[in-house]
There are 2 protein chains.
Amino acid sequence: MSGSIDSRKAAILRAVVDEYVKGAEPVGSSHVARVAGMQVSPATIRNEMNVLEHEGYLVQPHTSAGRIPTDKGYRYYVDTFVDETQNSDVMQFKSVEEFFTKAHGALAEMFSDTSRLLTKLTNYAAVVTGPSPETSLIRSIQLVSLDPKRVLLLMVDSKGAVEKKTLDLASEASESDLESASNFLTKKLRGVPLGSLGDADSSSGDLQFDQLCTLSLDALKELKGEAESVYIEGASKVASAFDAVDTVRSVLATLEQHFLVVSLIRDVLSKGQKVAIGSELGIEPLAECSVVVSPYIVEGEKVGSIGLVGPTRMNYPKVLAAVNLVSTGLGKRLSEG
Amino acid sequence: MSGSIDSRKAAILRAVVDEYVKGAEPVGSSHVARVAGMQVSPATIRNEMNVLEHEGYLVQPHTSAGRIPTDKGYRYYVDTFVDETQNSDVMQFKSVEEFFTKAHGALAEMFSDTSRLLTKLTNYAAVVTGPSPETSLIRSIQLVSLDPKRVLLLMVDSKGAVEKKTLDLASEASESDLESASNFLTKKLRGVPLGSLGDADSSSGDLQFDQLCTLSLDALKELKGEAESVYIEGASKVASAFDAVDTVRSVLATLEQHFLVVSLIRDVLSKGQKVAIGSELGIEPLAECSVVVSPYIVEGEKVGSIGLVGPTRMNYPKVLAAVNLVSTGLGKRLSEG
DNA sequence: CCTTAGCACTCTATTCTATCGAGTGCCAAC
DNA sequence: GTTGGCACTCGATAGAATAGAGTGCTAAGG
């Protein structure tokens, strides 16, 4: 396995990817010769392309057609030619800026709007995962009576997000019970991360009061384990990206399984990657898809991520730029509060 | 315009719809003769079908093919043969029952789970609209400090739903200000429908307190106007329902415009209908779709609706049964609290 | 007058063949 | 190592022939 790619082979591979992304058709040696601006004949390029095929970077759909990149080819392209730090498209930059200065509203809306922004920028399906509840700090606890034996627990966290849970009481609680328990819990738990809640330690002797506190604590612990929020937009873009209706269906069906998408994104990020291509995803129905992700950072911490799912044949530089732009924009916006 | 449909023509139309829904292929006279169990020859049926075509209930895709129903044909079928009150499919019934006895969690999850249930039952895209905030009664108001000049307003309504809004203060407010304002507002507004909030009438003289009350009231008024929540699931089912990828794309793109879907459903319901077929929808990209809707009733009041979007060529009896089943199930479940 | 068998007709879908052309691999020459 | 030349492969396109489903019409029968 030589695998050595000299600069000319690299240039050829690059041209094939660029042109195939642009034209959606296998690209042949003369096409490369014309477009890549290199001073060699198509025959020479043919030889090189032959080698690239044997090394697994290109394939021919059938004997007498041009080549298209393999997943490995795309991988080389992304690793070698895509400069993350660069964003050529000024329009894109401006519209993202504008979006985030105008953005407002609750967290949930923020996320779903961001997801919509991303899908609009790239024309692929976009995913935004909300901050996992584990990392947020408790800011305030409120207990609100629903009916005599049921109480709604409201928890506001340090980011202004609200989580709620219904408590079923063993015995009735008065308004004043609720109020004192609310105050006590808020005082006691303010600033505590949801992830590190201990057991109830105090017993005041007041049964009603203790019941409320215990139940609340249990509810809070449950909250932290709850599925993190996911916002997926742009299903229609999937239908535009593939022309086999079967592919569309299976990709959409996969995207509907939110937990799958979330763990997919998590996997990619945990490897320190921003891009996962086709078979690298390890999910059969997404074999023709690539995923581009980026965490967003609020107050120095990676609290969530954004990503998007498109065909392997995508414009990686543009898409990566968009994802990076949106993730930093979102991070900044959320850091402001 | 005679338009008269005698019982034999009706039986033929019915057979055509049934068979076309089942087989997705134009159905011919002999097919009808065989399946409809009527004692006439194909030739007779041909004559009748010819009339039905001239009256606009059937069409031929091309000369020398069987017939398929027009929107008008489906309409007649639904109005004449579909008995809403009847649900033949026991399995369906059981699984819906089971779902609603096991269902729990916040309203939002309830709705999205219901949407998923419906999409699973019918294999079409499902829509659930949450209760419009206008009709709900205020149960409790809480003000929570985010930072010195920003306050989070929490409103719990009579159904246990929580709405939130951030207030920007002109000047800082203390914790005790917040607490007294919370108490005052809760006492004052408990039981008031969000839709009928008046102006602030009291001025206590305490500037800080008055500011909080005014801002809160404004925020609450804004809340009532906010878009009602919509839960749409089953995009992948759209890809299964049509085999032209263009159709899939345009239908999906339309479904992504939630406000459009909501007003569509509202329109249908406001005409007292439960089914709208193809061109009746008045939305060009949905020309090949039908919509089946039903409101759900909580404590005697229609607070929201569920619906689903599939191809005009759908199994109306089954789908209507499913929608009715789920809507009554959801209504009951929400009435219990 | 309604029904029906018979039949000619139409049009799609399928198959087959022929042709075209893009692109390749290889070879021999530079 | 590079390149022009060339035979070859194979998909895509078009045209012709065929098969079959289903119709509309007509004329005969109840």
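Chain letters run A, B, ... following the sequence lines, proteins first, then strands; residues in each count from 1. Note: hydrogens, waters and symmetry copies are ignored here, and every other heavy atom, side chains too, is used.
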Peer 1: According to the ring pair (Phe, Tyr, Trp, His ring centres under 6.0 Å) rule, which pairs have a member within residues 237-285 of chain B, sequence neighbours left out?
Peer 2: none
Peer 1: Using atom CE of A:M49 as one end and atom C1' of C:dA22 as the other, report the distance to the nearest whole Å.
Peer 2: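 Taking atom C1' of C:dA22 as the reference, CE of A:M49 is at 13 Å.
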Peer 1: May I ask you to list the residues of residues 14-45 of chain B, by number, that have any heavy atom positioned under 4.0 Å from an atom of DNA chain D?
Peer 2: B:G28, B:S29
Peer 1: Expressed in angstrom and rounded to an integer, what is the separation of A:L52 atom CG from C:dG25 atom P?
Peer 2: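 The answer, rounded to whole Å, is 12 Å.
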Peer 1: Only counting residues at least two apart or in another chain, list the ones meeting salt bridge (charged side-chain N to carboxylate O under 4.0 Å, His left out) with A:K274.
Peer 2: A:E84
Peer 1: Quick one: salt bridge (charged side-chain N to carboxylate O under 4.0 Å, His left out) partners of A:K9, sequence neighbours excluded?
Peer 2: A:D6
Peer 1: Whole angstroms only, please: what is the CG-P distance between B:N50 and D:dG22?
Peer 2: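 Atom-to-atom, B:N50 to D:dG22, this comes out as 16 Å.
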Peer 1: What residues form a side-chain contact (heavy atoms from CB on, under 4.5 Å) with A:A241, not counting sequence neighbours?
Peer 2: A:P311
Peer 1: Assign a letter to each nucleotide of nucleotides 10-21 of chain D from its 5' end: B, base within under 4.0 Å of a protein heavy atom; S, sugar-phosphate only; -, no contact.
Peer 2: SS---------B
Peer 1: Atom CZ of A:R67 and atom C1' of C:dG23: how far apart are they, to the nearest Å?
Peer 2: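 That distance rounds to 9 Å.
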Peer 1: Any N/O pairs under 3.5 Å between the protein and nucleotides 17-19 of chain C? List them or say none.
Peer 2:
none

Peer 1: In sequence, state the C-alpha distance, the side-chain angles, and the governing distance for A:L269 and A:S305, and then conclude on side-chain contact (heavy atoms from CB on, under 4.5 Å).
Peer 2: CA-CA 9 Å; A:L269 282 176; A:S305 51; 3.7 Å; yes
Peer 1: Sort and list the pairs that fulfil salt bridge (charged side-chain N to carboxylate O under 4.0 Å, His left out) and have at least one residue in residues 26-53 of chain B, not counting sequence neighbours.
Peer 2: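 Passing the test, one end in residues 26-53 of chain B: B:R8-B:E48, B:E53-B:R67.
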Peer 1: Hey, are B:K271 and B:D267 close enough for a salt bridge, meaning a charged N less than 4.0 Å from a carboxylate O?
Peer 2: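 No.
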Peer 1: According to the ring pair (Phe, Tyr, Trp, His ring centres under 6.0 Å) rule, which pairs have a member within residues 61-92 of chain A, sequence neighbours left out?
Peer 2: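 Counting only pairs at least two positions apart or across chains, the ring pair (Phe, Tyr, Trp, His ring centres under 6.0 Å) contacts touching residues 61-92 of chain A are A:Y57-A:Y76, A:Y74-A:Y316, A:Y77-A:F81.
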Peer 1: Which pairs, with at least one residue in residues 250-260 of chain A and sequence neighbours excluded, count as a salt bridge (charged side-chain N to carboxylate O under 4.0 Å, His left out)?
Peer 2: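 For residues 250-260 of chain A: none.
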Peer 1: Report the distance from atom CG of A:N47 to atom C1' of D:dG1, rounded to the nearest whole Å.
Peer 2: 10 Å
Peer 1: How many Å lie between CZ on A:R8 and P on D:dT3, as a whole number?
Peer 2: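 Spelled out: CZ on A:R8 to P on D:dT3 is 8 Å.
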Peer 1: Starting from P on C:dC26, measure out to CD on A:E48 and report it in whole angstrom.
Peer 2: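 The distance from CD of A:E48 to P of C:dC26 comes to 15 Å, rounded to the nearest Å.
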Peer 1: Taking salt bridge (charged side-chain N to carboxylate O under 4.0 Å, His left out) as the definition, give me every residue that meets it alongside A:E19, ordered by chain and number, with sequence neighbours left out.
Peer 2: A:K22
Peer 1: Round to the nearest Å and state the distance from A:H54 atom NE2 to C:dG25 atom C1'.
Peer 2: 11 Å
Peer 1: What residues form a salt bridge (charged side-chain N to carboxylate O under 4.0 Å, His left out) with A:R249, not counting sequence neighbours?
Peer 2: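 Scan of A:R249 (salt bridge (charged side-chain N to carboxylate O under 4.0 Å, His left out), adjacent residues dropped) gives A:D246.
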Peer 1: Is the phosphate of C:dT4 approached by B:R46 (side-chain N or O, under 4.0 Å from OP1 or OP2)?
Peer 2: no
